[in-house]
Every structure is written in structure tokens, then in C-alpha cells.
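Only one structure is covered here, and it is reproduced in the block below.
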Amino acid sequence: MKKLMVLHLVTWIWICGVAHSTRPASVNIGAVFAFNSVIGRVAKEAMEMAVSDVNGDPTVLKGTKLNLIMKDAMCNAFLGSIGAFQLLEKGVAAIIGPQSSAVAHTVSQIADALQVPLVSYAATDPTLSSLQFPFFIRSTQSDLAQMTAMADLIDFNGWKEVIVVFLDDDYGRNGISALSDELEKRRLKISYKLPLSIKFDLDEITNLLNQSKLFGPRVYVVHVNPDPRLRIFSVAHKLQMIAKDYVWLVTDCLSATLGSLSPVNQTSFGVLQGVVGLRQHILDSRKKRAFVSRWTKRQRDGLTNASLNSYGFSAYDTVWAIALSIDKFIKVNNFTFMLLDKYKLSHTEGIGVQLDKLKIFTGGSDLVKILLQSNFTGVSGQVRFNSDRNIVSGGYDIINVNQLGITRVGFWSNYTGFSVVPPETLKKGEHSRFSKDQKLDNITWPGGKTDRPRGWVIADNTKPLRIGVPKRASFVEFVTEVPNSHEIQGYCIDVFKKALEFIPYEVPFVFKPFGNGKANPNYDELVKMVADNVYDAVVGDIAIVTNRTRIVDFSQPFASSSLVIVAPINKAGSNAWVFLKPFTADMWCATAASFLVIGLVIWILEHRVNNDFRGPPKKQIVTMLMFSLSTLFKKNQEDTISSLSKMVMIVWLFLLMVITASYTASLTSILTVEQLSSPITGIESLIASNWPIGYQVGSFAYSYLADNLYVSKSRLIPLGSPEEYALALQKGPSGGGVAAIVDEIPYVELFLSKETDFGIIGQPFAKNSWGFAFQRESPFAFDMSTAILKLSENGDLHMIHEKWFCKMGCPEERTSNSKPDQLHLVSFWGLYLSCGVVSLAAFFLYLLQMIRQYARFKQKQKDIASSSSEQPSGSHCSQVVVNFFNFIDKKEEAIKKMFTPSDNHHDPN
């Protein structure tokens, strides 16, 4: 009985194992795509070749036959859905396609509902990789990678704005959205979008392109389906838009289109001259070359008339990826389908689909996981998928259509950026897409030129640049309209016109005066009209201030407009005591004290060893005083002998040299500088006073003084003309005028070029500049800035300045400080300290030396007294001091004799 149970158990295990390991005789997979399309014709042939190769290789499915069932979607979401239902009704393990992103959105929802993997070789819409479609796998590169390459190409060439032409469907909109995101990361933008309907015609294209001619950008990015008729480029060529100054960039739809053209139709390349496009990079390998050879042979044998493109490689590898995944799947799973109640539907007639019989593929999730783990080398390169269920990008070729045909000018990958060698030959760490060594071969642009197009036009003869200019009532030398002639002239106009000579293209423009000419216009309103697109630019004395930079772009500054203070000036009167002004009182006291101290120290150090410093007291006092003073003018009559004296003299002479040079320079400045009649020394003293301050009507000086420096508005007096300036300054604060005027430097310079009785006080403050205002992100602003820099470098800007502001001598020649700076002790205390320290050190060393000698002398006296039995007499402290001074008053030779053995005892007292 026990043996019988074991036999039954073994039999049951064997039956289950056989049932589990039994391979199905065949597995169905489906394909939904547009048969009669550029991509569909190639894909159909490639998939059929792949199925044949899989079934012909016994090591792949090991006896299981792979059946491919194809349905024509005709690029229609409704027909694609019907085709998907028909395939699912036949129990397919996976669906290949669709090639259209719009159809893929619909079919993906059907595939997700029945848990059947959907693998597309051509649907590039990035949104298909969202979590909404967990069963969608992309075996071609996503538009996210392609638009990254396109954005890099735009940035590499230095273009800031582009116009996009795209199909207004899921494929076009979402692709352009990805491009917009990538451009924004690089601070670039899409200026205008030209959407095309799905079945666009020549009239629609013509209307859109004609409208785009009115825009400034000339860089076009085309993102449409492959079009063998090349309708967009035919119309553009007819409208003379495939010409100089234009740029046409095309996504990989161009390479697919060009690959589909027969040799007869390739004569249409003329409408594509200068076009640059992207083409999916296919790694050159033995498998690829063998596949291309087989394809070419089939073409020669008449078995196919489709030309191979990158989508053909992807379609072939897609079949192989599914076949290899099915092989792994059936080793651990069975193909089972089950019908769930929530998907039971009533029978639908008329479309040949019984929806109530559709079943869920129970192993669909497992098959998706196996597919995403694919890792093999196919004809398109390495087949691997990333976390977004997209094939790992292999990069793109950059192609250029020129007279020689289609030329590859470089490569792009997400790791290496642009290069002239294939990305797989570069190591990731050695060449980054963010490095400066990006490179492409020469490109032939529309018009046959190899020079990189500017990519935009600011204006043309039919639409000249609208330039607003302020019609000033005062200081008209800067910019204004000449009465009765409508001519615009002035310093700012001359700068603008001269700068145009350095711009390498013609800029048609027309001046638009702003203001009534009776009062200066409001400059904030003028700048706002640029932001409101009333004017394209504003040329004039426009101060670059914060609130304006928020709404417009400014050129490189061409003039400083910092604020300065203007006040009356007169020549300094003669002064008998002017020679005392270079030094402050404390400086004079310190210097006088230094002379006395140095004289005393040198006398002490030299008195014992130098006969020039000995004699009657009156003579010694005169010698002490005259010694230090005479060092100012000539060599001293008295030479120093002591080493300590020489050390002190070295430091003293250095101090004296610095003081003398500084005094001479300061006195020279005082004797030549102009003195201001106003007690104002700068903006601080002007604010601290209660005097009225003048300002120009319309200048930002008013808001700066009132809002930033908190000057009472009642003190601010508006002045409208240079004549009012002069009159107010002449009257002064006591006569109903102003103490000073605060205005921008250019206006002040113009005022001072005609008035010689006034000058600038102190230093400029509220640093600012003038520039020309342009609409935000206007490329013309950059070129104008470059031209202004060239004007500054070659001296033209200075010459224009002299022409307008130096008719009576340049005003900076009459600019002066309010009071020449005196020399303060704080600037020299280090020198005085050093000299004092050295003098005291020498004195103390000398004193120690004297004390030592005196002690030896007294000891010798004691020794002599003890040997002669004489007792030394006691002495008081005062007597000791007197004896010490008497001792050091003796000459050095006398002291030395006291210490010789032959000396007789004697008391220095």
C-alpha cells in the first residue's frame, strides 16, 4: 500500500513537471502600425525578417514558433484601437507598435487594461513613459533625448530664440514641450510656435511661414512626421526662406524622409540646401553591416522597395527583444489568459470584435519585467532599457544637406556632447557635454555660406526699427528734435550712429520723438513704452536704474551718470602763513618736539667723546639745538663719533626725508589748487546743512535725495535749464538761490563747458551710467554693447565727448576738492614711534654703560683706600648723584686713565 502511494506521488510530480515545462507549439505576437507610410514600410519588412530569423534559429525559442499578426492602423487612433482589439482577441503575448504617438496613447490604455506589453519602435512622445502606461516600452529613443540634443545644438551655435513648426497632435505638442523645457534650462526660449494640422496643405504652410517673416528670429525647428513630398521646405524655398540669415533645424523625421527617397526623387534635395538635422546614431558593428547587406540584396532581388532607416533597425531588434523575453518567460510560466467579470462586455457587432471574449494576460506583468531586463547586442547597438522604460540613448548623428548630398558633420550624446568622432570611442570622463571642447565639422548653411548665421534679424526695409528719443527742452545738446526740420541730433545720437558702423549688418531704423519740446519728458514712461512694444528701443540719456532694468534690457553704458555737487569757485587769495597749512597743529608740535629730543639725545651720546659737544654751557645749548635743525639743509659741522649716535641719526634722517617730501608735496598742492567759496565739502556736509539744494527737473537726483538720503523735499529746488542753474548759484542761499546743485555728471559737464565760475565739489556718488534701452532679450542689445565697447577702445567715444562738452575746455580741468587735505600726525605716527624707540634705546644703553663704569670706578676707590688704611668717607644720596653726573661729564680719555694700574688715587669730587 505504501509503495502504491509513493508511485502515485511520483506519477503526479512527473505529470505536473511535464505540464509546467512543456513549451507551446507557437506564440502569437501582434503589430499595429501604418503599412503605407515611410516608417511603416521599413518596419514591416524588418519585422518579417526578424521573425524569420528567430524561427530559423533553434537556440532561441527551442521549437516554439513565433507568429506575427499585423494590423494596419493607417495613422488613425480609431482604426488602431480596432486593430489592437483584433490582435488581443487572438491571444497575443505582446503588441509591437504603434509608430504614431497619438495612436499609441489610445492603444496603450487598451494594452494596460488587458495587461499585454506594448513595445513601440517609433512612438517618441515623452509622455508615453509616464506611470499612466506601465505596460508601454519604447525600443527607440524618446523625444526627451532628441530635444536635449536639439537644445544643445541651438545653444552650441549661440542662438537665443527659435521658431518651431510642429504637428498639433500628441507627438508634436509633447515633443515641443520637451524642447521648451530644455531650452529654458539654458536660458533660451521658443519665441513663436507655428502649429500645423494633421493633414496640412501647402496653403496652410504658406500662411504660417509668411506670418513668421514678421518675427525677429530666423532659426526654425521643424518637428513633423516624415514627409516624402518635403512640403514645408518646398514652400520655404519658394518664399526665399532657405536663404542667407535663415537656419533650419529638423528632428530625425528628416533622416527618415531622406532615406525613403528614391534616386529619382533625390533631385528635390535642392530645397533642403543648408538644412541641419538629427539622425539616431547606430553603432557600426558586424551585425549592422550584415543586416544592411541582406537588406541591399533584397532590394536588388526586388523583394522590397523600402529604403532602410533607423526605425527599421529598431523594429528588427524589437522582435528579437520580445522573442528572447518569451523564451525566458516560458521557462517559468505558462501563457494563460483569463476573463474577469469587470471586463465582461456585451457582444459588439459590426467591427468583427467580440469584446466579451477579450481576456487578460495573467503573465503580462512578468513578461514586462523580463523585457525591461533585456541586454543584448542587436543590429541597432546595445539593447537595454532604463528606469523610464525607454531604450538607453545611443546619441544622434548631426547631418547637413549640402551640394554633396547628406553629410555627417558630427555626433552628439548625452555624455560627450558634440564631437567629430563617434561617442562610443570617447571615454565618459574625458569628454563632457558641458566642457568647452565641443566641436563639429564645417556646416553649409542656407545660402551656401559656412559662416554661422546670426539667427535673427532686428528689422528690414519694410519694418524698420522703431527708436524712441526724448524731445528735451533743456540740455538739448544730448538729444532733441531740431525745430522746423524734424532732425534728431545730439551727443547720444552721435554715439548711437557711430556704434551702428561697428555692427556687421544693416539696421534700418526710424526715430520717434517723445515729448512736446516745452518740458523734459518723463523718462520712466518712455522706457515703459519699450516694454509695451510701442518702441523697439530708446536712444538718449537714459539712466540705468533698478526699476527700469526690471522691464527692459540695457546696452553697455556709454557715459557715467553718477551724481555730483556743483558750487561756485574762485582762485585762492594770497596768504602770508600758507606755509603752515601742510601740517596740522599736532603735526607741527610733534615735529618740533622731535627736533628737541633728537638734539638732546645726540648731545648726551656725544658729550664725553666728541669735543664739538663740549665747552661752556651756552655753547653746548646752541650746539644741541642747531645740530638737529641743521640736518634739514646741509651736512652738520659736528660729526658724530659714538656708534649709538650714528644709529639714532640713521633713523632720524629717514624720518626727516619722509616728512620733508610730504611737506613739499602738500605745499605745492595748496599753492596751485583752486579753493571753493562754498563751505560745503561733500554730500555729507550738504545734507547736514539746512541750505536749499537745486536739482534738474526729470532727473533721478530728486528721488535719490528724497528717498535714499532722506533730504527734506522742502529743501529741493527744481531747476529747468543751465541758465536757471547759473542764476540760482550766483544768488546763493541767502539771496533766494541755492547753495549747491546735485545733478548727473554729463549734464554738469555740459553746464561747466559754458560756465567758468563754478566747479564740482567732492567725489561722485550714487554711481550710475547711461545706456540705450531695448526690449527684453533683444539680441540687438548684445551687438550694440559690443559696438560701444569698440567705440571706447578706439577712442571714438572720447572724441564724441570732446566735441560736445569741451568747447571751452574740459570741465574736469576745473574740478576741485573743497579743501586740500592737510598732513595729520596719524599718518606718520609709526615713523615718530620708531625714531623715539631707537633714541630711548640708545639713551638707556648709554646710561647702563655709564652706571657700570661708575660702579667700577667707585670699587677701585675702595680698593685703593683699603690698601692705604684710609677709610672712605660716607656720602648722602644727593652727593652720589652729584658725583655720578660729575663722573659722566668727564671726557672718555680721562675716565680710561683712571682705570690704568699706574694711576694715582684721586677723588673725582
Side-chain angles (χ1 to χ4, degrees), residues 39 42-43 46 50 99 119-126 128-129 137-153 156 175 178-179 182 250-256 258-259 276-292 295 308-321 324 371-399 406 408-434 438-440:
I39 296 176
V42 178
Q99 70 194 49
V119 187
S120 177
Y121 56 86
T124 57
D125 179 1
L128 288 168
S129 298
I137 300 173
R138 196 191 325 266
S139 58
T140 189
Q141 297 191 52
S142 168
D143 275 344
L144 188 60
Q146 179 169 215
M147 294 309 174
T148 301
M150 183 62 73
D152 276 353
L153 182 61
F156 175 78
L179 175 62
E182 291 298 323
V250 192
T251 56
D252 63 354
C253 62
L254 177 66
S255 61
L258 297 179
V276 176
L278 301 177
R279 180 176 63 195
Q280 294 190 42
H281 177 64
I282 306 297
L283 176 67
D284 189 24
S285 64
R286 181 181 56 81
K287 283 189 174 182
K288 174 188 174 183
R289 291 192 294 271
F291 184 71
V292 172
W295 193 282
L308 185 60
N309 55 39
S310 58
Y311 293 105
F313 291 102
S314 297
Y316 181 87
D317 284 343
T318 299
V319 174
W320 271 93
L324 294 173
L371 274 166
L372 293 176
Q373 295 172 0
S374 299
N375 189 357
F376 67 94
T377 301
V379 295
S380 62
Q382 196 69 19
V383 178
R384 289 184 298 116
F385 297 96
N386 58 26
S387 58
D388 292 328
R389 305 184 307 282
N390 296 323
I391 197 167
V392 175
S393 174
Y396 287 87
D397 298 338
I398 313 300
I399 61 173
I406 304 174
R408 183 174 59 196
V409 295
F411 304 87
W412 177 92
S413 79
N414 197 36
Y415 300 102
T416 62
F418 293 108
S419 63
V420 294
V421 295
E424 59 269 11
T425 64
L426 298 172
K427 295 182 180 180
K428 291 183 180 180
E430 296 180 356
H431 196 283
S432 168
R433 61 180 275 234
F434 300 107
Q438 306 284 294
K439 185 180 180 182
L440 291 175

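What you see is a predicted model, and the numbers here were worked out from it, not measured in a lab.
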- Once you round to the nearest 0.5 Å, how far does CZ of R389 lie from CG of L128? 9.0 Å
- Is the closest side-chain heavy-atom distance between V392 and F385 below 4.5 Å? no
- Message: Between Q280 (side chain only) and Y396 (backbone N and O only), is there a donor and an acceptor less than 3.5 Å apart?
- Response: no
- Note on the structure: Correct closest heavy-atom pair for S139 and T318 would be OG-OG1, 2.6 Å
- Show your reasoning for whether side-chain contact (heavy atoms from CB on, under 4.5 Å) applies to V383 and T377. CA-CA 6 Å; V383 178; T377 301; over 6 Å; no
- Task: With sequence neighbours excluded, give me every salt bridge (Lys or Arg N to Asp or Glu O under 4.0 Å) pair touching residues 280-289.
- Result: D284-R289
- Query: Checking D143 side chain against P126 main chain: does a donor-acceptor pair fall under 3.5 Å?
  - Reply: no
- Considering all heavy atoms, the nearest I282-S380 contact: CG2-CA, 3.9 Å
- Query: Hey, does the side chain of S142 reach the backbone of A145 with a donor-acceptor pair shorter than 3.5 angstrom?
  - Reply: no
- Task: Would you mind telling me which of T140, T124, D252 makes a side chain to side chain donor-acceptor pair (under 3.5 Å) with Y311?
- Result: D252
- Message: Let me confirm one number: the CZ-CG distance from R384 to N390, rounded to the nearest 0.5 Å.
- Response: 13.0 Å
- Task: Measure up the H281 and F411 rings against each other and bin them: parallel (under 30°), tilted (30 to 60°), perpendicular (over 60°).
- Result: perpendicular
- Message: Nearest 0.5 angstrom please: W412 CH2 to S393 OG, how far?
- Response: 5.5 Å
- Where N386 and I391 come nearest, the two heavy atoms and their spacing: ND2-O, 4.3 Å
- May I ask you to test the T251-L179 pair for a side-chain heavy-atom distance under 4.5 Å? no
- Checking R138 side chain against D125 main chain: does a donor-acceptor pair fall under 3.5 Å? yes
- Query: For S120 and A123, which heavy atoms make the closest approach, and how far apart are they?
  - Reply: OG-N, 2.9 Å
- Between N375 and Q382, is a side-chain hydrogen bond (donor to acceptor under 3.5 Å, both in side chains) present by the stated rule, with each step listed? CA-CA 7 Å; N375 189 357; Q382 196 69 19; 2.6 Å; yes
- How many angstroms lie between CG in L283 and CZ in F313, if you round to the nearest 0.5 Å? 11.0 Å
- Item | Side-chain donor/acceptor of D317 to backbone N/O of W320, under 3.5 Å | no
- Just how far is it from atom CZ of R408 to atom CZ of R279, taken to the nearest 0.5 Å? 6.5 Å
- Message: Distance check, rounded to the nearest 0.5 Å: D388 atom CG versus I137 atom CD1?
- Response: 12.5 Å
- Query: Are any non-hydrogen side-chain atoms of Y415 and P423 less than 4.5 angstrom apart?
  - Reply: no
- Do D397 and L278 have side-chain heavy atoms sitting under 4.5 Å apart? no
- Message: Would you say that I399 contacts S255 through its side chain, given a criterion of any heavy-atom pair below 4.5 Å between the two side chains?
- Response: yes
- Can you tell me if S419 and T416 form a side-chain donor-acceptor pair at under 3.5 Å? no
- Query: Is there a side-chain contact between V250 and V276 (heavy atoms, below 4.5 Å)?
  - Reply: no
- State, yes or no, whether a side-chain contact exists between Y121 and V42 at a heavy-atom distance under 4.5 Å. no
- Query: Any sub-3.5 Å donor-acceptor pair from Q141's side-chain atoms to G395's backbone N or O?
  - Reply: yes
